[in-house]
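What follows is a single structure, written as structure tokens, with notes after it.
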Amino acid sequence: MFFAELGIRPDAMTAMRNPFFDLKFAVTLALAISAIAVSLHLSRPEASLRVGRGCWSFRPGFLSPGSEAR
């Protein structure tokens, strides 16, 4: 509905050339993958609140190259 009302940004092609445009999707993807991994772990009846290091270490490891490029 939002897109139908406002349409595409006038400077969409310029925004796509910016490296932060790609970084925005990388950050969103890293956070989504981490949240899904933790949610799947905690959704099991035998799960404890002590989540393995794999779920928590993925996000900082994935985001560090992007923050260094900034």
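As the structure is a prediction and not an experimental result, all values here were calculated from the model.
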Side-chain (Ser43) to main-chain (Leu40) donor-acceptor, under 3.5 angstrom: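 Side chain of Ser43 to backbone of Leu40: a pair is present.
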Leu6 atom CG: more than 12 heavy-atom contacts under 6.0 Å: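 Counting other residues, nucleotides and ligands, CG of Leu6 exceeds 12 neighbours.
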Only pairs under 3.5 Å count here: list side-chain donor-acceptor contacts from residues 11-19, not counting sequence neighbours, and write none if there are none.
from: Asp11; atom 1: OD1; to: Arg9; atom 2: NE; distance (Å): 3.0
from: Asp11; atom 1: OD1; to: Arg9; atom 2: NH2; distance (Å): 3.1
from: Asp11; atom 1: OD2; to: Arg9; atom 2: NH2; distance (Å): 3.0
from: Asn18; atom 1: OD1; to: Phe20; atom 2: N; distance (Å): 3.2

Separation of Leu31 CG from Ile36 CD1 (nearest 0.5 Å):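 If we round to the nearest 0.5 Å, Ile36:CD1 and Leu31:CG are 11.0 Å apart.
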